[in-house]
Structures are given as structure tokens and as C-alpha cells.
There are 2 protein chains.
Amino acid sequence: MSDECRVETALEILVGKWKPVILFQLFSNGTMRFSELQKAIPDITKKMLTSQLRELEYHDIVHRKIYQQIPPKVEYSITEYGIGMTPVLQTMNDWGMAHVEHLNELYGEVREVESFEVKDELVGK
Amino acid sequence: MSDECRVETALEILVGKWKPVILFQLFSNGTMRFSELQKAIPDITKKMLTSQLRELEYHDIVHRKIYQQIPPKVEYSITEYGIGMTPVLQTMNDWGMAHVEHLNELYGEVREVESFEVKDELVGK
DNA sequence: GTACTAGGTATCATTTTGTATACTATGTTT
DNA sequence: AAACATAGTATACAAAATGATACCTAGTAC
């Protein structure tokens, strides 16, 4: 029996409040500028977007291409190596879908947080 | 990737400083008492062990069997449903192993962690 | 009647993550 | 010469996760 566990290594790449959604965007759209990512993920701050992208870059999952021009232009994309994460993400996603079902069976339907929104005008009335 | 992203759902089960190692222990050893888990994971506090186990129990990954006796005896094990996580853990572990190699190529030797393996009896249950 | 056992809770301190907001750089446009 | 554009940094703060330590329970052995 091997006593080596690298689940945590894979986890390391994915953990962080915004990493899955960043990866989702880049996998879906190919190349994106910093500002496009910001638009696609409205609630993220520049600081978080930057830090999460840098971590992904460190792990060679995301490539950062700088155009030397003013105003600046920086494009992000999944590296060729990063594409190799697809099976991991796919497997996790598939299991996750099934698991949401399973939780529903166990505990009943749970409302999606984001689907519930109160219009500003109504708040406090 | 699909347009519904449940990677985060899968992450939810795995995230937490101690969850991977707890799962590793239970997958490897089958049934374990609370105190056995503590012995196997020396640095974990009772509080963390309890809270992580409760979360895994909520997700129906871990089963908690209480023996009504004094002093107390409580046994933990992977549920039948939990066994279904094996492909996820296996995929993450495999990719993680390769990724450690990749990081070594990029930055030189750095790390040592544990790896993940499922007890034979549990496979295909 | 005291100590021991196992599997926890309760409380508070510390560390890690994430948020909010302001600031920077610099060539181009007005 | 002021404003604009983009991709960030810097600083301060708040919230969440984790850690340290003490305490609880109730039978049983001494």
C-alpha cells in the first residue's frame, strides 16, 4: 500500500473562493483580458482576481501575456499543461452534480442563494 | 466543461485542513474509532476532528455509529454512498502526483505529501 | 470516594482569507 | 494641462477557519 496522498495537491490549485469560477471562465472563453474577467465575475475585487490568477500562473495552469502598450493590455488563458486538468474538473463537476441531487433527496430542495434577490427599492420597507 | 459548474460542490466536501487526511484514513482502514483517528492524525485537535467528521457525515460520506456504553465508543466509516467518491479522489490523486512532478521540473524539488489509496475490500462495494 | 475512560463541548486566542477603498503608472485623447 | 484608459498595488479592516486549553459525562476499577 502506498502511503502517498496527493489529493491535497490537486486541491491546492482549486481552493480559493474565486478559482473555480476563474477557471470556468477561461476554459469556456479561451483567452480573456483582465477587464473581461472582471466583467464576467462582477463581485470579485481586483486584488482577489490578481492574486488568484497569480497562483494559477505559478502552478502553470494559467498563462499571462503582457502587451507592452498604454493603457496596459494583459491576456489570460489556460496553458497547454493546464488543459490536462480537464479530467479532474470534469470528474469533480460530474460528481458534484450528482451530489446536489443526493443532498436534495436527503434534505429536500435547497434554494439557490443567488436566485433570491430583493430589489433595492423594497429593502427596509 | 458543462455550463453548470458543480466543481465547487465537490470542493465543499474536500476543503478543510483535515478532511483529505481523515478520508484517507477511513478509506484505508475501513472502520475507525474516534480515538484511533486521533492517534492516526496526531496533530489534529478533538474540535477539528469532530467538526470535520460532522461535515462529512452531513454530506453522507461518513457514517457515525454510536455504541451505548460507558466509556463511550463511536465508530466512523465511509458510507456506501461515500465509496462513490472514489473516482473523484482517485482522479485528483493521480493528477496531483503528476503535478508534483511538473512543479519539480519547473521549480526544482520542493515537496513531500501523502497519497491516496482505497482499501481493497471497499473497492466496487 | 477518587481516578480513569472515551468522546466529545465551551470558550477564547490566533492565523488565514477575503473585502473595501484609495492610490499608481503613463501614453493618448480632448 | 486635464481627463481617460487598463492593470494593477497598498493599506486597513472584517470574517472565517483553526488552535489551545479547560471542562463535562457516567459507569467501572481501585
Side-chain angles (χ1 to χ4, degrees), chain A residues 7-26 29-59 62-78 113-114 120, chain B residues 7-26 29-59 61-77 113:
Chain A
V7 170
E8 278 159 310
T9 305
L11 234 32
E12 214 179 286
I13 279 84
L14 269 1
V15 165
K17 186 170 174 185
W18 302 100
K19 276 185 204 152
V21 62
I22 290 171
L23 288 175
F24 175 68
Q25 287 296 328
L26 291 176
N29 301 325
T31 296
M32 292 177 85
R33 295 184 63 168
F34 187 85
S35 51
E36 291 178 313
L37 280 164
Q38 265 194 290
K39 248 166 260 167
I41 313 167
D43 289 344
I44 198 171
T45 62
K46 288 175 165 194
K47 183 187 170 186
M48 284 311 291
L49 184 51
T50 304
S51 73
Q52 305 293 276
L53 283 167
R54 292 294 151 81
E55 287 178 36
L56 292 168
E57 195 191 354
Y58 170 85
H59 281 281
V62 158
H63 176 65
R64 178 162 177 262
K65 181 173 184 186
I66 303 156
Y67 293 79
Q68 279 302 353
Q69 59 185 53
I70 296 281
K73 177 176 174 182
V74 179
E75 279 180 352
Y76 292 92
S77 55
I78 304 295
V113 178
E114 281 162 295
D120 286 343
Chain B
V7 170
E8 279 159 308
T9 306
L11 275 177
E12 215 177 286
I13 279 84
L14 269 2
V15 165
K17 186 170 174 186
W18 302 100
K19 277 186 204 151
V21 63
I22 290 171
L23 288 175
F24 173 69
Q25 287 296 329
L26 290 177
N29 301 325
T31 296
M32 292 177 85
R33 294 184 63 167
F34 187 86
S35 51
E36 290 178 314
L37 281 164
Q38 265 194 292
K39 247 167 259 167
I41 313 167
D43 288 345
I44 199 171
T45 62
K46 287 175 167 194
K47 180 188 171 184
M48 285 311 293
L49 184 52
T50 303
S51 74
Q52 306 292 275
L53 283 168
R54 292 295 150 83
E55 287 178 38
L56 291 168
E57 195 191 355
Y58 169 84
H59 282 282
I61 306 298
V62 158
H63 176 66
R64 179 163 177 259
K65 182 173 183 184
I66 304 157
Y67 294 79
Q68 280 301 353
Q69 59 185 53
I70 297 280
K73 177 176 176 182
V74 179
E75 280 180 351
Y76 292 92
S77 56
V113 203

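Residue numbering restarts at 1 for every chain, and letters A, B, ... go by the order of the sequence lines. Heavy atoms only: backbone and side chains are in, while hydrogens, waters and symmetry mates are out.
- Comparing the axis of the opening five pairs of the helix from dG1(C)-dC30(D) to dT30(C)-dA1(D) with that of the closing five pairs yields an angle of 30°, rounded to 10°.
- Phosphate contact (OP1/OP2 of dG7(C), side-chain N/O of R33(B), threshold under 4.0 Å): present.
- The CD atom of Q68(A) sits 17 Å away from the P atom of dT6(D) (whole-angstrom rounding).
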Side-chain polar contacts of residues 68-77 of chain A - donor-acceptor pairs under 3.5 angstrom, sequence neighbours left out - could you list them?
unit_1 : atom_1 : unit_2 : atom_2 : d
E75(A) : OE1    : Y67(A) : OH     : 2.9
Y76(A) : OH     : R64(A) : NE     : 3.2

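- For residues 33-50 of chain A, no residue pair satisfies the side chain to side chain donor-acceptor pair (under 3.5 Å) rule, not counting sequence neighbours.
- Going from atom CD of Q69(B) over to atom P of dG8(C) covers 13 Å, rounded to whole Å.
- Per the geometry, CE belonging to M32(B) stands 15 Å off C1' belonging to dA6(C), to the nearest Å.
- Rounded to whole angstrom, the span from the CD atom of E75(A) across to the P atom of dT6(D) amounts to 14 Å.
- Contact check, R64(A) against dG8(D): a side-chain N or O comes under 4.0 Å of OP1 or OP2.
- With a 4.5 Å cut-off on side-chain heavy atoms, L53(A) and L37(A) count as touching.
- Two residues are said to be in side-chain contact when any heavy atoms from C-beta on lie closer than 4.5 Å; L14(B) and L23(B) meet this criterion.
- Counting heavy atoms from C-beta on, the side chains of V21(B) and I44(B) never come closer than 4.5 Å.
- Across the protein-nucleic acid pair, E36(B) atom CD and dG7(C) atom C1' stand 13 Å apart, rounded to whole Å.
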*asked:* Does the protein touch nucleotides 25-30 of chain D at the base, only the backbone, or not at all? Give it as B, S and - per nucleotide, heavy atoms under 4.0 Å.
replied: -BB---

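- Two residues are said to be in side-chain contact when any heavy atoms from C-beta on lie closer than 4.5 Å; R54(A) and S51(A) fail this criterion.
- Under the side-chain hydrogen bond (donor to acceptor under 3.5 Å, both in side chains) criterion, E8(B) pairs with no residue at all, not counting sequence neighbours.
- Scanning both residues, G16(A) and Q52(A), for their nearest heavy atoms gives CA-OE1, 3.6 Å.
- Straight-line distance from the OH atom of Y67(B) to the C1' atom of dG8(C): 18 Å, rounded to whole Å.
- When the C1' atom of dG8(C) is taken as reference, atom CD of Q38(B) falls 10 Å away, rounded to whole Å.
- Residues that satisfy the ring pair (Phe, Tyr, Trp, His ring centres under 6.0 Å) test with H59(B), not counting sequence neighbours, are H99(A).
- The phosphate of dA6(C) (OP1 or OP2) has no side-chain N or O of Y76(B) nearer than 4.0 angstrom.
- Atom CD in E55(B) sits about 12 Å away from atom C1' in dA16(D), given to the nearest Å.
- Using a 4.5 Å heavy-atom threshold, the side chains of V7(A) and F24(B) count as separate.
- Contact check of residues 42-54 of chain A against DNA chain C (heavy atom, cut-off under 4.0 Å) returns K47(A), M48(A).
- Sorted by first then second residue, the salt bridge (Lys or Arg N to Asp or Glu O under 4.0 Å) pairs that include residues 9-24 of chain B, not counting sequence neighbours, are K19(B)-E55(B).
- The side chain of S35(A) contributes no N or O atom lying less than 4.0 Å from OP1 or OP2 of dA5(D).
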